[in-house]
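FYI, side chains are in, hydrogens and waters are out, and symmetry mates aren't considered; it's all heavy atoms of this structure. Note that ligands are numbered from 1 as they come in the structure, with each ligand's atoms numbered from 1 the same way.
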Amino acid sequence: DCCTPIKKLCWWHGAGSTADFQKIIQERCDTYTQTIRPGSRSRNCQAIRQAFMSTFISKDPCKATKEDYNSLINLAPPTVPCGQQVFWSKTKELAHEYVKRQRLMTLEDTLLGYLADGLSWCGEPGSSDLNIWSCPDWRKDCRTNYLSVFWEVLSERFAESACSTVRVVLNGSLENAFDSMSIFGRVEAPNLRPQVELEAWLVHDTGKPPSDSCSGSSIRKLKSILDGRNVKFRCMDNLSRDQFLQRS
Ligand code: APR
């Protein structure tokens with residue numbers, strides 16, 4: 001056990017909680033509900049911040065469960081209008097650039113995704129503070145840490161709510177554009193509802209040849225996951241970053 005009660009010896013392998021975590025959550029929530037999506041103004045940011053803190057404060061940072069996040073997610077479910085949903089995997093920056101130019105939304109455009117984007121958080125038993133020194137790493141410490149479980153359960157709810165046509169932006173410069181161990185592969189694709197249609201876009205670095213295509217084995221694996229759920233599938237490949245962003 002790498003975590004002893006003597007604080008500075010309590011050493012996980014991941015980055016510690018983001019400085020001013022509570023303040024950032026409150027400020028982002030105010031910005032989102034007042035400026036970015038004024039339609040969501042009725043949401044109570046103080047209650048959301050408090051619900052977020054109580055999911056993990058004073059708890060063993062390796063014992064997160066999906067249920068810990070239920071009440072928080074129920075305060076602000078990650079749903080978006082039909083046909084506007086965009087998933088991504090190994091293409092975070094590109095997908096965000098893409099949705100900015102269209103009337104489309106990623107998970108980070110929903111309230112909870114926006115609040116938590118890029119932040120880190122964990123607590124420790126017997127303390128009411130965040131651990132600013134270190135938090136558990138998915139690989140080296142435990143998979144059931146609060147950060148990983150948060151993105152998994154939020155992504156699951158996001159995928160379950162999908163309707164009509166949804167898109168995923170995949171990285172065509174990788175040998176396997178579809179990674180069945182990623183959140184998109186493990187959590188989102190397997191939770192799409194029947195009758196939803198998924199459009200995959202394989203986008204590679206401008207000026208380089210693509211490394212994977214719609215007929216490659218990784219995309220065939222994605223197709224088989226979707227076939228099993230009666231989800232329709234279309235795939236577009238051989239697009240450079242510039243071509244993809246220009247046509248969008
Ligand atoms: N900020 C910080 N970390 C994040 C964020 C975020 N906004 N979203 C996801 N993460 C974490 C997750 O643990 C994820 O596994 O970073 C990892 C990103 O890994 P990738 O392999 O690039 O993508 P993937 O695992 O497929 O996750 C992205 O899941 O979060 C959803 O809707 C989102 O479709 C997207 C997919």
Side-chain angles (χ1 to χ4, degrees), residues 12-18 21 24-25 28-29 32 36 52 56 61-62 64 66 69 72-73 76-81 84-100 104-122 135-163 165-192 196 198-205 212 218-219 221-222 225-226 231 241:
W12 301 105
H13 294 87
S17 305
T18 307
F21 178 81
I24 295 172
I25 293 289
R28 285 185 179 181
C29 186
Y32 188 94
I36 300 182
F52 206 144
F56 68 95
C62 271
K66 289 180 177 184
Y69 281 113
L72 174 65
I73 293 180
T79 54
V80 311
Q84 294 187 13
Q85 198 160 28
V86 175
F87 303 104
W88 53 269
S89 198
K90 279 110 191 155
T91 54
K92 186 178 182 193
E93 188 272 331
L94 174 63
H96 289 148
E97 185 61 38
Y98 170 60
V99 300
K100 254 202 289 180
L104 298 171
M105 293 169 77
T106 64
L107 184 56
E108 291 74 33
D109 298 297
T110 68
L111 176 56
L112 288 179
Y114 181 83
L115 295 188
D117 191 10
L119 303 184
S120 174
W121 61 90
C122 66
C135 291
D137 174 77
W138 190 80
R139 257 171 220 289
K140 295 184 182 144
D141 299 309
C142 53
R143 297 190 172 193
T144 50
N145 65 75
Y146 277 90
L147 196 56
S148 301
V149 171
F150 173 84
W151 287 113
E152 284 167 15
V153 59
L154 196 66
S155 303
E156 183 178 317
R157 293 281 290 266
F158 186 57
E160 281 169 357
S161 76
C163 44
T165 301
V166 299
R167 296 149 226 240
V168 62
V169 184
L170 296 175
N171 191 335
S173 285
L174 298 175
E175 215 171 295
N176 292 303
F178 174 69
D179 170 4
S180 56
M181 292 307 290
S182 65
I183 292 198
F184 174 71
R186 271 184 300 129
V187 178
E188 293 179 320
N191 276 297
L192 293 173
V196 166
L198 178 71
E199 267 179 25
W201 295 83
L202 266 64
V203 184
H204 60 269
D205 300 337
D212 199 0
S218 85
I219 298 297
K221 191 164 184 182
L222 170 59
I225 292 173
L226 300 170
V231 171
R241 180 192 161 89

Report the part of [X] (side chain from C-beta onward, or backbone N, CA, C, O) that has a heavy atom under 4.0 Å from ligand 1; answer both or neither where that applies.
X      : answer
Phe184 : both
Ser155 : side chain
Glu108 : side chain

Has Asp117 got any heavy atom lying under 4.0 angstrom from an atom of ligand 1?
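Yes; Asp117 lies near enough to ligand 1 that a heavy-atom distance drops under 4.0 Å.
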
Applying a strict 4.0 Å limit to heavy atoms, is Gly118 in contact with ligand 1?
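Yes, that is the case, since the closest heavy atom of the residue is under 4.0 Å from the ligand.
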
Ignoring hydrogens, just give me the one of Trp138, Phe158, Trp151 whose non-hydrogen atom is nearest atom 5 (C) of ligand 1.
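Nearest option to atom 5 (C) of ligand 1, by heavy atoms: Trp151.
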
Considering Phe87, Phe178, Trp88, which one's heavy-atom position lies nearest to atom 35 (C) of ligand 1?
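Nearest heavy atom to atom 35 (C) of ligand 1 lies in Trp88.
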
Which ligand 1 atoms does Lys92 reach within 4.0 Å, using its non-hydrogen atoms?
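Here the atoms of ligand 1 in question are 1 (N), 6 (C), 7 (N).
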
Contacting atoms of ligand 1, where contact means under 4.0 angstrom from a heavy atom of Ser182
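Every atom of ligand 1 under 4.0 Å from some heavy atom of Ser182: 24 (P), 25 (O), 26 (O).
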
Partner of Trp121 by ring pair (Phe, Tyr, Trp, His ring centres under 6.0 Å), out of Tyr146, Trp151, Phe21:
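The passing option is Phe21.
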
Side-chain polar contacts of residues 178-187 - donor-acceptor pairs under 3.5 angstrom, sequence neighbours left out - could you list them?
residue, atom, partner, partner atom, Å
Asp179, OD1, Met181, N, 2.8
Asp179, OD2, Lys90, NZ, 2.6
Ser180, OG, Lys221, NZ, 3.3
Ser182, OG, Ser89, OG, 3.4
Ser182, OG, Asp179, O, 2.7
Ser182, OG, Gly185, N, 3.0
Arg186, NE, Met181, O, 2.8
Arg186, NH1, Glu152, OE2, 3.2

CG on Leu111 to CD1 on Ile36, rounded to 0.5 Å
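It is 9.5 Å, given to the nearest 0.5 Å.
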
Which distance, rounded to the nearest 0.5 Å, do you find between the OG1 of Thr106 and the CG of Asp117?
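Between Thr106 OG1 and Asp117 CG, I get 8.0 Å after rounding to 0.5 Å.
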
Contact bool for atom 16 (O) of ligand 1 (protein heavy atom, d < 4.0 Å)
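Given the 4.0 Å cut-off, atom 16 (O) of ligand 1 does not count as touching protein heavy atoms.
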
Would one find an N or O of Ile183, backbone or side chain, under 3.5 Å from an N or O of ligand 1?
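Such a contact does occur with ligand 1.
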
For the side chain to side chain contact (heavy atoms under 4.5 Å, CB included) test, which of Leu112, Val149, Leu154 pairs with Tyr69?
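Considering Leu112, Val149, Leu154, a side chain to side chain contact (heavy atoms under 4.5 Å, CB included) with Tyr69 is found only for Val149.
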
Protein contact to atom 20 (P) of ligand 1 [nearest heavy atom, distance to 0.1 Å]:
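So the nearest neighbour among protein heavy atoms is Lys90 N, 3.7 Å.
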
Salt-bridged, Glu156 to Lys66, with N to O below 4.0 Å?
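Salt bridge present between Glu156 and Lys66.
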
